[in-house]
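The structure under discussion appears below in the form of structure tokens.
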Amino acid sequence: MSLLEVDDLRTRFYTEEGVVKAVDGLSYRIDDGEKFGIVGESGAGKSVASASLMRLIDSPGRIVGGSIRFTKPETAETFASAFPDHVVDVEELRADHDPVDLVDRLLTSGLSPADIAPDAGLSQGATASSIVAETGLTVRDLVDSRHAADVGLVDENDFVVRDGNDRYIEVTRATDQALRRLRGGHISMIFQDPQTALNPVYTVGEQISEAIRTHLDLSESAVKERAIEILGQVGIPDPAERYSDYPHEFSGGMQQRAVIAIALSCDPDLVIADEPTTALDVTIEAQILDLLDDLTTGREMAIQLITHDLGVVAEVCDRVAVMYAGKPVEVAPVEELYYDPKHPYTVGLMSSIPRIGDDRPRLDTIPGTMPDLVETPPGCSFHPRCPYAEEACTRKEPPLVDTGTGEAYDPDALEGHTASCLAYTGDLAGRLGFDVRVTEESDAAVTGEENE
Amino acid sequence: MSLRQYVTKRLLLTVPILLGVTVITFLMTHLQPGDPVDVLIPLGANPSEEAIRQLRRQYHLNEPLYVQYFLWLKDAMVFDFGVSIQRDSLVSEAILTRLPYTLLLGVFALFIAVAIGVPAGIIAAVRKGDKVDEVSRIAALLGIATPNFWLGLILIFIFGVQLGWISTIPPSDVSVLDPALLTYMILPAVTLGTASSALLMRIMRSSMIEELNKEYVRMARAKGLAARTVIVKHVARNSLISVVTVAALQIAFIVDGAVVIEQVFSMRGVGRLILQAILQRDFPIIQAGVLMIGVVIVFANLAADIIYSFLDPRIRY
Amino acid sequence: MSTEDTTSDGARARTSRRGRIRVTGFDSAAVRDRETFSADRTGISGAAANRRTKAWNRFKQNRSAIIGLAILAFMVFIAVFARPIQVSLLGEGFVIQPFQLAPHNTDTNLVAGNQPPSAEHPFGTSDLGRDIMSQVMVGARFSLAIGVIAVGLAVGIGVPLGAIAGYYGGWVDEAVMRLVDILYAFPFLVLAIVIIAILGQGFWNMIAALVIVGWIGYARLIRGEILSVKENEYVMAAKALGARDRSIIFRHIVPNAIAPVIVQATLAVGTIVLAAAALGFLGLGLQPGTPEWGTILSEGREAVIRGYWWVTTFPGLAIVVFVLAVNLVGDGIRDALDPQDEVGEQEGGFR
């Protein structure tokens, strides 16, 4: 069952140098208990995308478009009862409104048909009724989209949506109070560098207790008890003793365990792990990944794992999105991505991993660097670094399509394999001349090596 | 390292500095061009040969320099600085009777500086880039650019001369905590605290901005804490660590200011005593006064370091 | 190596087996070798401008810093042209600057004392009958000269001492830094007052006092910077190449550690002018009657109590404006030299 639905997320930073399109049209789903990976080089927009989920984007950054829906029904229900003034009932709206009218209102407010139903290939002059007829747009679709508030269908702060038994929280519309309840309580985050993520002047125990105190209605002694219990679960020896230690008295690996303890302390539904092992020694990396895997699997928590390391993804995730320059370039189940990569960027990432026993004369790394997100290259933003690029790649921006059928990306089709490359839309004259070879080996050996 | 060990270590480190302070103060009279005995003779006086010999004996001027230093240091340890040249009193007495006034002025001013500077710095950092920040930035720059003696004169003119709310001369012969004196002290303390509060505000602001960008702030927010809690409990608490160091440096700044402000407001304090002594070339008083100030500042820095170690657990271990 | 399973581009079927994956054919050389695409030829961003140009561009965009710079330029102009400048050489006087902007000659043209501001005397007159506006204009010379000379000398002493202490460490460092610590126990102004009490009054004695007190700040600052720069690779490289210590310190280390010193020195011009004015006010500055801003104010208390507000107001305002301008420029330089702060500008703020 779906837990998180992100549609067409756009986050921008308005800097002196120009507008940085840090996240530019990201859509994906995470199922309950699923482990989803987002991979890419630094600067690809992975961290901004994750911070956007918790609305932790500060000025001059802003989420300018898209929808983030937290769809766990139980959680949505508790928010509905806690914030009764911010609930939208789609059934009522359906009775009162006709989608054609609403679309018409959007059109007169100056939006183009493509804004209202992207990816539907509508002509510029489409009328409201033809849009609704062609796309089957419903009142619910409009509520889900960001345009709902524009036409006055819902209030700017109406963030809990009910539709029969369906209910969700629209994070982009959530009030500050609701956001605080969501952060830490239902979506929590594990940070990259535990040394800077822990406040140096408070004890580790206090920093865990603080989260518990904020979200759970427990007595002070019960708070402490729970914090100690979690410290033990993340593998800190003598948790009762170490509770009153300061962060600098912990080793790097222990600090990261403490950060994980904070993230898991209130039993969230989704844990966002932002490069959780990058700052750690390789020997500790595997332990931390195992710990994360064990604890979340046992509690049925979903993970969104952000990393630049394909090996880490292979270890933990079920499905993966590869991001480049703020956009998703390939979305696939993890096995598919590894054994059958489709996008040249993914291929480049994989071929640049050094391996023991490699007989290539040199590594095929990806030439150049990630483009400046203020002014991305025209057409496919990867073309300046892509060995298969042609003139066409500089003119047409490749859409994300199913690599088998060529149909537009449907985020709800979880088993689909999609990539954004002109090779899959029939616009590329040549072919993507790479090979993937698989050498049979035992699982253990693979896991061991992919940690490099 | 436990807190006690830390304090002990820190105390031991102050000893050489204190000794250095005494050396420099002692050398002051001996760096003068000419015969050191000249500085011991009151201006305009023409003492006999015998009186000069008597002075040389009294101040051990015939001994080698290092012997003179140790003899002087021995007396200084028990607060014996001899007799003032110009006034017929003990140096220690002259200083001790005035010290409370200066201390009161300084503490009052430091209180004003912290009470205004720290909250203003927090607000400016949180509202960074908007009007409030801009206004406080300009106010701080003006506070730093304004000579304190000039600000004092302007305040005397407005509140003393034009409005007549306060007297332009301090109440005489009253105890330190007399209400009349405390009232009179408001203007000098405000004058003295203004520049310090401007400096503290700027430090607090930049320290807050630095801390606000740290990962633990995002972590605290990701826990779901309210913005206010994040700022007060996490960010301000960390920023205070660097502010304490600066506040200790402010003590030297405030002593400087007190010397000038006591002059502006005709107050009897150590600063004014030293100034008068300089104009009268009364070196025993200058020496004792400067030594007092040096020692007070060394101990203020020590106190700041100890407070620092309370605020920052990383120092202690 | 066991059997290899090759899947080609055309027939890549899903492989559910786990095994060692190897990708071939991602030929990065192709990118370097091919011709640039037509769309990419235009609009290639120019090479990164060098650091100094970038800093200057940032400074130019800082409105308050430019205002500060304009005020300083105006004050320098006034200082130079307030009164003719004459140099005597071999017993003969040469006028090298003939203009006089100041309305009155305050040495010779004495009028009725304590007159309030009027058209003739816009800032009023002092108790001795000097035109205060002319005094303030000529006084700019003293304050500017004291500020610039004292800071220049203090930097000239503090930077080499701090650099040597930081680079060599050991007993040199110990000696210099203990002296710095001890001098730090005395407040700036108190120490300057004592030095003047020993040396006596006068322009150069005042500068000497301010320099003796002022160098310690730069020594401490540059030492700290050097300790952090010292371990950098380019310094190691220079050492490995056998460069001499002196050349390493002054050609490699100091240029990289100097930015905070420049900022500090700029701001210090303001501090020094304030300190000099305070000394003047206390009667320990220049000879009474000199139109230095602080010295003009030395009779300020009496004037104010008798209600002659203009005697103190205008010279004081001149100090405020000058020091404010210096601070605006100093802040501008800091922001321009420190791109980290720029990042702060972007990331700061808090909702």
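Excluded from the calculations below are hydrogen atoms, water molecules and symmetry mates; all remaining heavy atoms, backbone and side chain alike, are included.
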Which atom pair, heavy atoms only, marks the closest approach of [X] to [Y]?
| X | Y | answer |
| --- | --- | --- |
| B:A252 | C:P187 | O-CB, 3.4 Å |
| C:I182 | B:I24 | CG2-CD1, 3.8 Å |
| C:A185 | B:V298 | CB-CG2, 3.6 Å |
| B:L141 | C:N327 | CD2-CB, 3.5 Å |
| C:I193 | B:I278 | CG2-CD1, 2.9 Å |

Could you look at [X] and say if it's the side chain, the backbone, both or neither that has a heavy atom under 4.5 Å from chain B?
| X | value |
| --- | --- |
| C:L191 | neither |
| C:T313 | both |
| C:L183 | side chain |

Measure distances from [X] to the heavy atoms of chain C and classify the residue's part below 4.5 Å as side chain, backbone, both or neither.
| X | value |
| --- | --- |
| B:R272 | neither |
| B:F253 | neither |
| B:I17 | both |
| B:V161 | side chain |
| B:I254 | neither |

When rounded to the nearest 0.5 angstrom, what is the spacing between CD in B:E134 and OG in C:S64?
7.0 Å

Atom CZ in C:R178, atom CG in B:L19: separation rounded to 0.5 Å?
13.0 Å

Counting heavy-atom pairs closer than 4.5 Å to chain C, which one of [options] comes out on top?
| options | result |
| --- | --- |
| B:G289, B:S206, B:G271, B:S266 | B:S266 |
| B:P16, B:G160, B:G152, B:G294 | B:G294 |
| B:L142, B:I154, B:I156, B:V264 | B:V264 |

Take B:L275 and C:L284 through the side-chain contact (heavy atoms from CB on, under 4.5 Å) test and state the conclusion after the steps.
CA-CA 9 Å; B:L275 267 178; C:L284 294 167; 3.7 Å; yes

Are [X] and [Y] packed together at the side-chain level, in the sense that at least one heavy-atom pair is separated by less than 4.5 angstrom?
| X | Y | result |
| --- | --- | --- |
| C:F186 | B:I297 | no |
| B:W150 | C:L274 | no |
| C:V323 | B:T146 | no |

With chain B as the partner, which of C:V326, C:L179, C:V321, C:L297 has the greatest number of non-hydrogen pairs under 4.5 Å?
C:L297

Looking at C:V273, C:D331, C:I195, which makes the most heavy-atom pairs under 4.5 Å with chain B?
C:D331

Do any N or O atoms from the side chain of B:D256 and from the backbone of C:V190 form a donor-acceptor pair under 3.5 angstrom?
yes

Do side-chain atoms of C:W309 reach the backbone of B:F157 as a donor and acceptor pair under 3.5 angstrom?
no

With C:L189, the side-chain contact (heavy atoms from CB on, under 4.5 Å) member among B:V259, B:V260, B:V255
B:V260

